Amino acid sequence: MANVLGTEHDLNFKETELCLGLPGAGVGGGGNEVDSSPRTTGKRGFSETVDLKLNLQAKETGMDLNKNLDNGSKEKPVSAKDPAKPPAKAQVVGWPPVRSYRKNVMAGNKSTGEESEKASNAAFVKVSMDGAPYLRKVDLKMYKSYQELSDALAKMFSSFTMGNYGSQGMIDFMNESKLMDLLNSSDYVPSYEDKDGDWMLVGDVPWQMFVDSCKRLRIMKGSEAIGLAPRAMEKCKSRA
Amino acid sequence: MMFSFPDEVLEHVFSFIQSDKDRNSVSMVCKSWYEIERWCRRKVFVGNCYSVSPRMVIRRFPEFRSIELKGKPHFADFNLVPDGWGGYVFPWIAEMAGAFPWLEEIKLKRMVVTDESLELIAKSFKNFKVLVLSSCEGFSTDGLAAIAASCKNLKELDLRDCEVDDLSGHWLSHFPDTVSLVSLNISCLGSDEVSFSALERLVGRCTNLRTLRLNRAVPLDKIANILRRAPHLVEFGTGTYAADLRPDVYSDLAGAFSSCKELKSLSGFWDLVPAYLPAIYPACSKLTSLNLSYATIQSPDLIKLLSQCPNLQRLLVLDYIEDSGLEALASTCKDLQELRVFPSDPFGAEPNVSLTERGLVAVSSGCPKLQSVLYFCRRMSNEALVTIAKNCPNFTRFRLCIIEPRTADYLTLEPLDVGFGAIVQYCKDLQRLSLSGLLTDRVFEYIGTYAKKLEMLSVAFAGDSDLGLHHVLSGCESLRKLEIRDCPFGDKALLANAAKLDTMRSLWMSSCAVSFGACKLLGQKMPRLNVEVIDERGPPDSRPESCPVDKLYIYRTVAGPRFDMPPFVWTMEDDPSLQLS
């Protein structure tokens, strides 16, 4: 099974489950691309970056540790070529070992108003899937697009695929028949509860808006999600 | 042959032996002591809920009144254990519900507790008194309502650091008029989960209330009323400690705090506004424990506060205290035993406060009784660590977290092996140690050589080779729990020290270099271990055997493999023909 390594822009690994856990990979010395977040949001980044080549080699040779340790901090597959940006810290899952309620408390304390939203370090939401016996949690801030989220969800719930979403990962509401196809299939469809307590189809709004308003996720059978479509369309219109 | 006392005499003697460890020793003296002891053990402690089955526990101890269970591995606190891993309490409750109507206490840590479990507790145990849920999740206020409504003899309800699903704030009103709580800790509840009027009424009628920890949603101006209804409180946690400064609110608050003459411990203080801090000054001289780890106040205000607390034994604080604040602490709080300094900006690339190794050195020098330290900082030196070690030979717990992984000694740029080596060498009673910074195999050699009383070791981003792990497994005689992440430890040390794992509670290794093949081998050869491979990439046998596993959790058990695992956890099978004798 190949390591599906995220998108073409950043290697955005939510958890260490996506790399072979090569020690030395991804942590030493910072110097990693991320986005242009200023220092206050420091945490924007991905958990661990692993050189594609290193991954494959390791698989074949069964781990050449010395090589990895030497190459570790130097060989990043995609580096920010912009020298003007200060190297942001690559974020490692579970490090520093601070409990999540402490991270969130700090976020609340950091500043007031809109800045506090940006300063918030994580957006953990619960993900449930109909038929699965347990809940998962994801940090929406770890992803930059619906596609990345979809890939991560696919890993967590292997019978889930995001089906017929458009190129941006957004639902094409202009094409009703496409939408109805999606909902009539037996594929799973992700839905989410937004700030107002309404359940909506994932993909109805631009990504960032989604991250800001999503409170929890539920992956349901397409046929069960039919009831959500009209509401989703209404909300979309009211926002347009 | 032992002189034979009547059983009742022995039982009476044993009743003075409370510690679990001692009870276990007593039970191993001889068969008759085993028998007597098992009938009179009233408190059962199970450090790993999967190490034994509920039925086995009930069979051996037919008369216990209190049970304490721990579930997930410690690294679950830092999101390293995927949701759904396990740790469900329901099977235990179900088993005890039938057999034990007289159960009084349940204490759980890192377990999944459903509303169904809580409802079953409420229904089954008529004399239920104490429920302590520490870092648990999976339940909602509905479950709490069931407990409140049915447990008429409830004395303690402590939800520390739990994740509770908010559904309704009115569960508090389900407590009957006759309830007389001694301890209530709801500090983890989110907003809208508490009805203030119900809370006030409850506090008012619980005349024996000694511990009350409120949640963040309780505003500052409600505190005075609550305190006045509970003047005998010993431990109190505020809610949000912020409001616009109003003289009437302030004097009300100050008056309320002075009327609580027995206060020894304070916590809460979310969003703390310094102007309201002096309201607690009347209580400060008696304070032994202060948790300011949610209070974003700066060093000067902290120094002023701490100067009022000469009897402080335990302090939790953010790194806003800075070196200057810790120096002040060292000079005023001579009884300090425990210090925890948390990072205010753990993910920031640059330090945001002036907190360095100097602060910790100062406290180690000024506070002779210091035993337990948790310290987050951004730089350290071997020199400082050696000084600290020599100053505090009585350390039992030393956890240092240098925020950037693999940070070297900032003065010499060398690894911090020597510094931590000094800690284990001088602190002969050290029970718990967490390492950080740049570390080679040498530090593990020191640990294996000197840390003979060490029971729990946490390691991250350290070591060079299997030799490091080998030193620890072969040298640390008292080791019970070992948790490792992102270290180059592989198969050799683990397999060579397989027998050691039978003497430990558990071993966690994630992002290391242990191959699937080695896990299989270990599982086959060690029948009394559960070797669990946790890997969200998919089944480990879909990759070559030499491929390292993502996460590995090994624990000893007499209950055999468990069957409540999610799809991403595999237990390696025993193979009777391959077992080591």
Side-chain angles (χ1 to χ4, degrees), chain A residues 1 3 15-25 27-30 39-43 45 48 58-63 65-66 68-69 86-89 91-103 105-106 108-110 121 124 126-127 132-137 139 155-156 158, chain B residues 75 77-80 82-84 135 138 161 163 188 216 270-271 293-294 296 318 342-350 376 401 403-406 434 436 458 460-461 463-465 485-488 490 510-513 515 535-538 542-551 566-568:
Chain A
M1 166 179 149
N3 270 337
E15 307 265 355
T16 52
E17 69 254 25
L18 290 181
C19 59
L20 288 174
L22 304 178
V27 182
R39 226 179 275 151
T40 49
T41 62
K43 213 182 108 111
E48 286 199 41
K59 270 201 216 173
E60 280 152 2
T61 64
M63 296 282 308
L65 290 173
N66 289 332
N68 293 336
L69 283 176
K89 250 166 77 77
Q91 192 211 323
V92 177
V93 172
W95 190 269
V98 178
R99 303 198 49 186
S100 39
Y101 58 79
R102 287 200 177 277
K103 295 183 211 171
V105 165
M106 291 319 118
N109 284 342
K110 245 184 175 140
N121 291 323
F124 279 101
K126 290 190 181 166
V127 187
Y134 52 86
L135 290 182
R136 305 302 305 273
K137 275 198 287 259
D139 178 3
K155 288 201 163 35
M156 275 187 233
S158 50
Chain B
F75 274 173
D77 285 354
F78 315 124
N79 298 320
L80 287 177
D83 286 339
S135 305
D161 306 329
E163 262 186 55
C188 63
R216 195 175 183 173
W270 282 278
D271 316 310
S293 61
Y294 300 105
T296 51
L318 287 171
F342 295 97
S344 52
D345 186 16
F347 304 107
E350 300 293 325
F376 284 81
C401 178
I403 288 176
E404 181 66 32
R406 301 198 186 82
S434 297
S436 59
S458 307
F461 306 105
D464 308 311
S465 74
R485 62 163 296 173
D486 293 275
C487 295
S510 57
S511 304
C512 294
S515 72
D535 209 320
E536 290 177 286
R537 297 170 294 175
S542 64
R543 289 180 291 277
E545 273 204 9
S546 54
C547 207
V549 299
D550 183 27
K551 298 171 187 179
F568 50 85

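FYI, side chains are in, hydrogens and waters are out, and symmetry mates aren't considered; it's all heavy atoms of this structure. Worth saying up front: this structure is predicted, and the values here are computed from it rather than measured. Below, read A as the first sequence line, B as the second, and so on, with proteins coming before strands; counting in each chain starts at 1.
For B/Asp161, the salt bridge (charged side-chain N to carboxylate O under 4.0 Å, His left out) criterion is met by A/Arg99, not counting sequence neighbours.
If you measure heavy-atom distances from B/Phe75 to chain A, you find no contacts under 4.5 Å at all. Contact of B/Glu545 with chain A is not made at all, since no heavy-atom distance falls under 4.5 Å. Neither the backbone nor the side chain of B/Ser434 comes within contact range of chain A, judged by heavy atoms closer than 4.5 Å.
Tested against A/Pro96, the residues B/Pro405, B/Ser436, B/Cys401 include a single side chain to side chain contact (heavy atoms under 4.5 Å, CB included) partner, B/Cys401.
The two residues A/Val93 and B/Asn79 come nearest to each other via the heavy atoms CG1-O, 4.1 Å. Of all heavy-atom pairs between B/Arg485 and A/Val92, the closest is NH2-CG1, 3.1 Å.
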Evaluation steps, side-chain contact (heavy atoms from CB on, under 4.5 Å), between A/Trp95 and B/Asp486: CA-CA 11 Å; A/Trp95 190 269; B/Asp486 293 275; over 6 Å; no
